Structure formats: C-alpha cells, structure tokens
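Structure first, then comments.
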Amino acid sequence: MASYHFNSIEENWQKYWAENKTFKAENISDKPKYYVLDMFPYPSGAGLHVGHPLGYIASDIVSRFKRHKGFNVLHPMGYDAFGLPAEQYAIQTGQHPAITTHENIIRYRKQLDRIGFSFDWDKEIRTSNPDYYKWTQWIFIQLFNSWYNPKTNKAEDISSLIKIFEKNGYQSDKINFTKLEWRKFTEKQKTGELLNFRLAFLSEIMVNWCPALGSVLANDEIKEGVSERGGYPVERKLMSQWSLRISAYADRLLNDLETLDWTDSIKEAQRNWIGKSEGCSIKFEVDSNVLTQIPINNSGEIVKAPSKAKNSSVSFEAADKDTYHKLIKLAKTQKENPTKEEDILWKILRDRQFENIKFRKQYIINKFIVDFVSFEYSLILEIDGLIHSLPDNIISDENRTLILNELGFKILRFTNDEITNNVESVLNKIKDFIKYYKPSCNSTAEKGIKARSDNKEDEAKEIYTLENNIDNPIENSFFIEVFTTRPDTIFGVSYLTLAPENELVLQITHKDYLEPVLEYINTTKKRSERERQADVKNITGVFSGTYAKHPFTGKQIPIWIGDYVLAGYGTGAVMAVPAHDSRDYAFAKHFNLPIKEVVLPEKEVLLIGEDFGGASYDLKIGKMINSDFLNDLDVKDAIKKAIQTIEEKQLGKGKINFRLRDAVFGRQRYWGEPIPVYYDNGIPKTMDESDLPLILPKVDKYLPTETGEPPLARADNWQYKGNPLENTTMPGWAGSSWYYLRYMDANNTEALANKNAINYWQNVDLYIGGSEHAVGHLLYSRFWCKFLKDIGIVPFEEPFKKLVNQGMIQGMSMLIYRVNEENKFISFGLKDNYQTTPIHIDINLVSNNVVNIEGLKKWRPSEFQNAEFELEDGKLLCGNEVGKMSKRWHNVVNPDDICIQYGADTLRLYEMFLGPLQDAKPWSTQGIEGVHRFLKKTWRLFHNNANEDFAISQEEPTKAELKILHKTIKKATEDIENFSFNTSVSAFMVCVNELQDLKCNKLAILEKFIILLSPYAPHITEELYKLCGNQQSIEKAEWPLFNAEYLIENEFNYPISFNGKVKFNLNFALDKDLKEIENEVIANEQTQKYLEGKAPKKIIVVKGRIVNVVV
RNA sequence: GCGGAUGUGGCGUAAUGGUAGCCGCGCCAGACUUAGGAUCUGGUGCCGAAAGGUGUGGGGGUUCGAGUCCCUUCAUCCGCACCA
C-alpha cells in the first residue's frame, strides 16, 4: 500500500533536513553566492495565519531553485523580538515581555517548520538577545561619534569636526562662532554645539506623544491621527529626545533609489517621503512704518540687534514703549513688596542650591512679568493668586501661557496653599522637572543663554534673545524669510502667509490685531492634527495688521496667518502667488485678496486680469508676463534668472529643501534596546564599547514612574561609572535596520559580523516582504547601510538589491444579520426586508455560505442559544466581506490546519497558485482540492494503479514525452526567474495531465520533472526521488537543462482569418514557402465562401502564427 | 486633490500585437463502485435548437490584426495627504 500519505512523508523529511543540516550555508565557498531574505517577522501572540507564509514560500522556492542551479544560498530567518504588544501584555499581566516573546517565538518556529522551509536555522537571530543588541548599541555609539561632512559627502569621526572648529570656528545660517570663541566654550557649551552635528543627537523637538501607549511615535507609526498599533489618540508634545540625523543622507537616499531593482511604487513612496524640492529663500522686509513692536530691554531702552557677532538675534522683550514702562513700574513694585508665598519660594530657590541654576524674580518676558524664571532650564515658576500682568492687559491667562510656551518656556504653577503648607512637594516638583528636562542647547531658551554670555560684564543689559532665521539682518530691520520653488513668480506675490506656529507671528502682529491673531492661534492649536488634515477645504486665516515690502517693487504686501502653511516645512512662511498656486488661490479667493497673473500658459491664451475659471495655473510651463526683468522668459529659465538676481542683490539664496525629518530614536518604553548613554554632570556621553552590551535591567513594573519618567528609571542602580544612564530605549526599527548583516555571521562575539563573511555575502540579492514597510524599515535600513559603508564596516551602498512586494492575503469575513433590537437573525437573501446589523461569525461555522446553526449556538451560547432564525430554502445564508485577516473578525485561517488536512506541499502550491505574488487577494479554500488532487496524480504517475506499488520504467522516452518535459523545464525556469509562480504551478498541472494521458512512467522523464517541482513541493518530491533509487536529497540534484530541439515542430495548423476574424484552420508544413501557403489559402473552397466573390486586397502570412486575408 | 496599481466567465486566473478564457474551483452529464465527499471520461463565456452571432469596464484612435499600444472616460483598491 503506497498511496500518498503526506503527513508522515512531510514529518520524515522535515526531520531529515534538520538532522542533516541540508540547508546550511557556508561562509567560505567556491560557489557563487545568493542571498534571499524575508522581511523580519515580529512574533505576535496570534501566531502565523495563512497570509504570512506567502512571501516565505516564494523566497523558499527561489532559494531551492538557486541551490539546484549551483549557488551557495543564504536563506535565514529570525525574529524582530522587541515591540509594543509584548510590553502591553506585560503591563497588563506583570509577566516579563521576554517570557511572552520566547513563547511566541517557539510557536512561530513550530508553524514555520511545519511548512517545510529551507532556512538555515543555525543562523537564527533575535533582536532582544543581548548578543544581538550589543551590536545595535555599538552602531548607535558609532552614530554618536560621527558627523556628516558635506564636503566629503560622508560620515566622519567627530574628531575631524572638532579640528575644524579649533582651526576655523563655524559659520552658517543658524550657528556662528569663531575659533577663539570655541576655545573659550565650557565643556557643556562644546557638547551642545557638537550635538548639532552628531548623527545621533539629543534635542528638544515636537514629538507625537501617545499617552495610552506611554510612548513617542514616528510619523509612519501614526495612521489617520491615531497610533497604528492600538488606534490610540496621539498629541503633539515638546520633549527632549534622541534622534538620528537621517536628513544628512537625504540626497544619497534619493539618488541611489535609481540603482535599485524595486517596484516603482515603493521608490515613488520613498521619493515622496524624502520630498526634495529645489528653490530659493527670499527675504521680505517687514514694513517699519507699521511695525510697532520695538525691541526694548529691561531698562526701557531700544535694543539694537547686536551687530555682527550675534547678528541673527532679535530681542524678544517685545512690548511697545508705553506698555513697557508700565511693566517696569509694576515689576519694581512687586519686587519690593513680595507676597508671603513669593518670599517663601524665593528663599527656597535662593538657598537650596539647585546646582548652577539661577532664578530671577519678577522678570519681564514679552509683555508679562513672570514670578520666577530660570533661563538654563527655560523654566518659569508661577504662584497663583498673584497679579500676572498689567491690570488693563487684554491678554488672557491662556494666551499668556501660549506665548510663553511659544517662546520655549515651560511653566510650573503652584498655589499659595501649596507653598505655605507643603514646601517639600513644591521642591520635589522642581527637582523632578530639572531631572527630566535636561538643559538642551537646541532649545530656544538655551540659545538665549548663549547669546547672553557675550554680554556678561553688563548684567543690567541682559536681554533674552531668540535666534531666528534671518540672514544678515540690517540693524533695526525685521525680515520674514520664505521658501519657494517658484521664484519666477516673485512679481505675482499678493500677500505673505505665516504658519500659526511660526515664532515670528507674535513679533510681527500689529498690536491692534493681537487679540484676533491669538484667538486664531488658539483655535488652530485646539484642532487636532487629524481634524486639520481631514478638513483641507475649510479655509481659515487672519490678517496680522502688518505689511512687508516687496523686495523688487517695494510695494506693500499684507502679511497673513493661515494654517494651510506648514510650520515644519521650509521656513514656515510662504509668498503667496494666487494666480499660480492652487492653495494660495483658494486662500485669496476666500479673503478676497488680489490675484496677479505672471505666467502665460503655452496653449490656451488667457486674458490678463481675467480669472482662470475658478483655478490657478500651477504648471511650470509658459512665458513670464508682468514681471519686469523676467518678462518673456520661459518659466524654467525665469526660475534660474530669478534665483541669480535674488542672490546678486542679497535678497535670499538658492536652496534645497527636504521634507524628510530626522528620526526620533527614543521610546519611553521598557521592551527595547537600552541606549548606551550616561549623563556626566548633565553632559551626555556614550559608554565604553568594551562595556557593551548594556543589558536591559529588571524593573518592578513596566510602567512610567510617578513623575512620568520611562520604566528604566525604576531599575536599581541604573548607573554607569556613578552617573545616571539614559532612561529611554530604542524604537522597534533599531534592530531591524541592520539584521541582514548579522545573518552572515550570527554568532560572532568580536564584531557585528566577520569582515570576510560580509565581503562574501555582500548585500541581499532578493528581499521579499509586504509594502507596508515602504518608507519605515526600508528607508532606515538604507540609511544605516550607507552610514556603515562610510565608516568602513560594509563594502556596499545599498542593503537590498532587488525587492519584491508580496500582496496581502486578506481575510474573508462571514456576516450574519441580526434584526435591530431583536434576538433574530435573517438569512442573507431576506435581510433587506428588515433593519439589520451585520455580525462577524467564525468562518469555521460556514461552508459555501451556509451557516451551521448548531455550531453557532455552541460557539456563543449566550448570544445564539435562544435566538430565532429566519431561513431561506431551510438554510441560514451569510454574507461576505473582504478585509484584514484578524482575530477580531473571526476570519483567521491557521496554516497548521491546512497542513493537517492537505499537507504542507499542498499549502505551498496553493498559495502560489492563487495568483500573481504581488497581487492582494482574499483567502479562500475553494480550489485547494484541485491542487491537492494534482499532487495525488503526480504520486500515481510513479505507481501502478492496480496494486499501488511503486512502478517506474527504464524505457527510452518518446519524442512526445520529451517535448512535454522540455516545455515544462522551459516554463518552470522562466517563471521562477520572473516571480511568476502561479503560472508554473499551472504548467506542472498541464505536464502531469499530459504525461498521464500518455501513461508515461519513465524514469528519464519523471525524475527530471520532480526536480522542477521540488522547490514548490519539497516533501513529496524528496520521497519520490528516493523511491527512484537516489541516495542523496533531491536538494543536491542539478536543475534539468532545457533543450530547444525537443520543441521543434515541422507543421502548424494555421488559423485562417478574414479581416482579423478567424474562420477556420489549415495545416501547412512550417518550412513551406509563404507564397505557396497564400496560394493554397486563396484556392481553398472555404476561402471562396468568405470572399463572397470579391478578390482579396491583401494576404498576410506570419510563419507559424496566422494567415490574415484582407477583403 | 496628487501619485501608483487594477478592471477578462459564476469564482481564482491565463494569453512574445497573431485562434481570448490555459490551469484550477464550481456546475452538468456519464463510467467504475454496496456507497462516495475516492477515481476516471466528456461538457461548460454569453445569446441561440442550430447555423451563426457576440464578447476582455465605457467611448475613440493606431494596425492587415488590439485584452495587449495611444488618447479619453468611468469604477475599485493602495500610497501621500495643504511640502510652497
């Protein structure tokens, strides 16, 4: 008895492969290498569903094929083991996430093994293993120790930058110091400056804070305003964070896309994400006639922007003179007559030695007197119950907070009661704050200190300054700098628009317009990102009351504030050209602002001054008009000319802008790689490499501390060399950004991988995975690869040469319909007679859309036991819905179940047979029978049907049999190379059907055929190969060679068509003269019938293809 | 809105510019069987009894010939989402 017992066959061969290490990849080999990689799975608690293996099967087929072709194949698998779900589970249950993760991995491994993948399991890796994350931390240290040198266009050791500073100082738009100043800087100041250059750096930035997850999320982890995992709300928050300077690599990441064999859609997604735009910055002088906010210092003097040395600083003590004098007077009174509470707090602040922190009392900032302020920490302390502002001040408390926050200050408020009765709590709050918010040189406040240090000798003249974006401002002048890609349209500018978040807004707003402007800022702030995104059509904005001067014409241009301008892009300000930008157009229309055309479209000539029929002309094609020196130029030339002129006149300069933001690298989370950084007296330093790995410590709870610090702060003795260690951990993408390198030499303790191994395996030849990683993982991996190349670790620029995206396998949900507010369910066809709600039920309760009602009652007795059912034809029919395969919809299909019922070979073949790998498709088990039947047929070819014995013939194959075989060899080889797996499965079926028709059981044919089939169905083919008398695994067999001679035909049955429509067929020898064929076709009596007595105009004969008669 | 992809039987799909629907599911008929949910044979786009006609989302074009190339339009799916 030898029928096809797939269960035992599959189990035996899986054991054999494991024991014999059949798929071991050698790091030293004479064979050519081939590296096939699957995207790193995260071992979730739900296990694998049938969608996951789709890509793994495809990559496994390619791997096995390449081995047959004589390649040394690296085909590894491992786990991206850090991640939020395990941590969420840990928070809920208290179980260490390592335990959960380990259990999940065991389950994954069992499921993977069952499908018969040819992974080299000796190379398995887990990102949560200290042996692995040691090297993730090591890479982080290298990033910290590097900066990007734009001259050499690569990362270099930070020491080369320090040398530059020592020799030349540094000058740029935003950072300026001389070599002498550099030498005078304290260590802290130097650290701060260097952080502006390190590829891993600490900075204070707006982050996406998800309170529910207790974590910061990257932009690509947010979908539609909520977190991708869990769907929790996300808010914007200013935080001190580790980031990676991916923006330094923006150009290389963009340009090298061209070298990659990836799909256009992924490349396009990355291009969009990087978002390069070439243009020009232009400065608009704010009209001094209307600028009422004269910078004034504490003494009531007008402060001139310190010329030259700190030329980019503008005073922020902006209040008009009248207001200011009132303030000074008030401050003085308040200082002299402190309240009881004020006095208590002041004494504490003065006496309690907050290391190096100086607090000032009753200090004027902007239009306000604050109670206490520390500039080192940008911290304001306020005691409720005190008068905060001028008695007649129109600014509300809310707006006051807003303005102070806007200036980069954080505010701690205490009540009188708190100060009188619980001074310790007040003290602790301040201490906690100071501990959590490290002083950062990137914060606006810190820059103030920097500026201030120049005027040390004159305390009275201390001013709090803020750096802005203005280059070389002329004294007492005030500029708004915009970024535009259309400098050619400079003469079409009818207004400027600032983003509401733009720091300049508060400076330029006319005092009469302050209230509506503040109100507008507040409204836009309250609107969540989500609302703002969803609501593009709703145009909002407000006039600032101030005008700017056109740089060429000198004309007055109104300055508006509008939330259609993004604060984070360019300078957060635009020059609006409504005639040639649809967003500006919509805004101008809404507020009735002038529209001036300056580009004449090429084709349709529009009358000047006339509206463009409700739209703007945005294309960069046409001739310039109404544009002074640009007139009559083509747009493209005008752009060049405009930039040139603007640069000559020093009104701005050519600039390239990227949308790509630096990547936030810290998570307020436990289950991730600890960041190997400690704080020596507040200065961030990396650990010695020899002390790595920095092991994730034990904590009592996986939650933030009471003071809001990340869970690592709970660890005992979380210190290095007596200094506090960093409390945040690395994000999920850290470990997965370089894992492909670790597989090359997974157990190396000396390096992330041995140099020879890296040189042998090089980059990944084929990478298969879902397109959901288009911009996250794939961009970060490219970034790290380029960095590792710069520092000499890898010899290649790109990690993944060819990328194939498998389509998602969707789930088919089963829906039954409950009558609203009744416990009654209606069959699909009758549901329209009622008001119903669809309910998802377990797909196992349904076959052919018929619901098993008894099963349903057992599945959820509470819901269905006593329910009423309205049937059609005695059946309860359900509806279907295609969507995500998920536990939630009860539509998960587990590959284990398929393996038990049909076997792994059937599952593998079927997943490939479903359709093109790249296409998304809903999972349906309909059709799996056909694939299973095919395998049974294949098995029978090798067996005598009568007694089911293995029976194979040694006879010489016939020409017909060889033709079938070689046709299949050709198709199978081409299809694998084209990733067209579905068509090759179909070719195998054709082959078996035809061999069966010929009753062929010849070894010479069948043995070759099963080698072709073996990458797809490895178990059954191993078994048959062994039965054929082979001692070795089929894996070692050579791929059959295709011989075209067997396919040569000597005659062809030509379709005869008339005007392209086929009417009948005629048989001719293939070497027959084409003219003769033509003659015979004309002579044929059937032809005469279709000619209807007319003479043919023309006859086309294509050899071996077709005959077409033109009538 | 912009960008990308896809539209072919009841279903999954196939077709170097050359006979549209290969292969599989489902369905119909039959054979072998105590039985079949095993296996085998034949049929199966649609209309039509047949002859024949018609047919690849719609419209137009190029070509001797278009599912395939071009233009246009519609629908669905996926990205990006005011990037100046």
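In what follows, chains are A, B, ... by sequence order, proteins preceding strands, each numbered from 1. Only heavy atoms go into these numbers, but all of them, side chains included; no hydrogens, no water, no symmetry mates. This one's a predicted model, so the numbers in the text were calculated from it and none came from an experiment.
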By nearest atom, which of the nucleotides [options] is closest to the [X] side chain?
X	options	answer
A/S277	B/G24, B/C83, B/U19	B/C83
A/N993	B/G24, B/A20, B/U13	B/G24
A/Y564	B/G24, B/C82, B/U19	B/C82
A/L914	B/C22, B/U13, B/G12	B/G12
A/V990	B/C22, B/G18, B/C83	B/C22
A/P916	B/U13, B/A15, B/C23	B/U13
A/W273	B/C64, B/A14, B/A81	B/A81
A/M989	B/C23, B/A81, B/U13	B/C23

What nucleic acid atoms does [X] come within less than 4.0 Å of, heavy atoms only: base, sugar-phosphate, or nothing?
X	value
A/N1065	base
A/D584	nothing
A/P922	nothing

- Message: Are the side chains of A/L593 and A/W560 in contact, using a 4.5 Å heavy-atom criterion?
- Response: yes

- A/Y520 versus A/P500: any side-chain heavy-atom pair under 4.5 Å? yes

Watson-Crick or G-U wobble partner for [N], using a 3.5 Å limit on both distances?
N	result
B/C40	B/G30
B/A66	none
B/U13	none
B/U19	none
B/C82	none
B/A51	none
B/U6	B/A75

Atom [atom1] of [X] to atom [atom2] of [N]: distance rounded to whole Å?
X	N	atom1	atom2	answer
A/N805	B/U6	CG	C1'	16 Å
A/F913	B/G26	CZ	P	12 Å
A/L917	B/U13	CG	P	13 Å
A/K276	B/C83	NZ	P	19 Å
A/I1106	B/A15	CD1	P	19 Å
A/N1053	B/G18	CG	C1'	15 Å
A/L1074	B/C64	CG	P	18 Å
A/F1058	B/G18	CZ	C1'	15 Å

- Message: Is it true that A/N993 and A/K937 share a donor-acceptor pair across their side chains at a distance under 3.5 Å?
- Response: yes

- Do the side chain of A/N1108 and the base of B/C64 come within less than 3.5 angstrom through a donor-acceptor pair of N or O atoms? yes

Inter-nucleotide [atom1] distance ([N], [M]), Å rounded:
N	M	atom1	result
B/G9	B/U63	C1'	28 Å
B/C69	B/A31	C1'	50 Å
B/U13	B/G7	C1'	13 Å

- Message: Please give me the minimum heavy-atom distance between A/A250 and A/L660, naming the atom from each residue.
- Response: CB-CD2, 4.0 Å

- Where is the tightest heavy-atom contact between A/V804 and A/L917, given as atom of each residue plus distance? CG1-CD2, 3.8 Å

Over 12 foreign heavy atoms within 6.0 Å of [atom1], [X]:
X	atom1	value
A/E977	CD	yes
A/K967	NZ	yes
A/K1072	NZ	yes

- Given the 90°-from-0 boundary between syn and anti, B/G9 should be labelled syn

- Message: I want to check one thing: is the phosphate of B/C83, taken as OP1 and OP2, less than 4.0 Å away from some side-chain N or O of A/N657?
- Response: no

- Task: Using a cut-off of strictly less than 4.0 Å, decide whether A/R271 has a side-chain nitrogen or oxygen near OP1 or OP2 of B/C80.
- Result: no

- Query: Once the angle between the rings of A/F483 and A/Y569 is folded into 0 to 90°, is it parallel (under 30°), tilted (30 to 60°) or perpendicular (over 60°)?
  - Reply: perpendicular

- Hey, which of these two, A/N272 or A/T484, hits RNA chain B nearer its 5' end, going by closest nucleotide? A/N272

- Task: Using heavy atoms to find the nearest nucleotide of RNA chain B for A/V1110 and A/F1052 separately, return the residue whose nucleotide is more 5′.
- Result: A/F1052

- Item | Ring-ring centroid check A/H932 A/Y910, cutoff 6.0 Å | no

Every protein N/O within reach of nucleotides 36-41 of chain B N/O, cut-off under 3.5 Å:
from  : atom 1 : to     : atom 2 : distance (Å)
B/U39 : OP1    : A/K936 : NZ     : 3.4
B/U39 : O3'    : A/R940 : NH2    : 3.1
B/C40 : OP1    : A/R940 : NH2    : 2.8

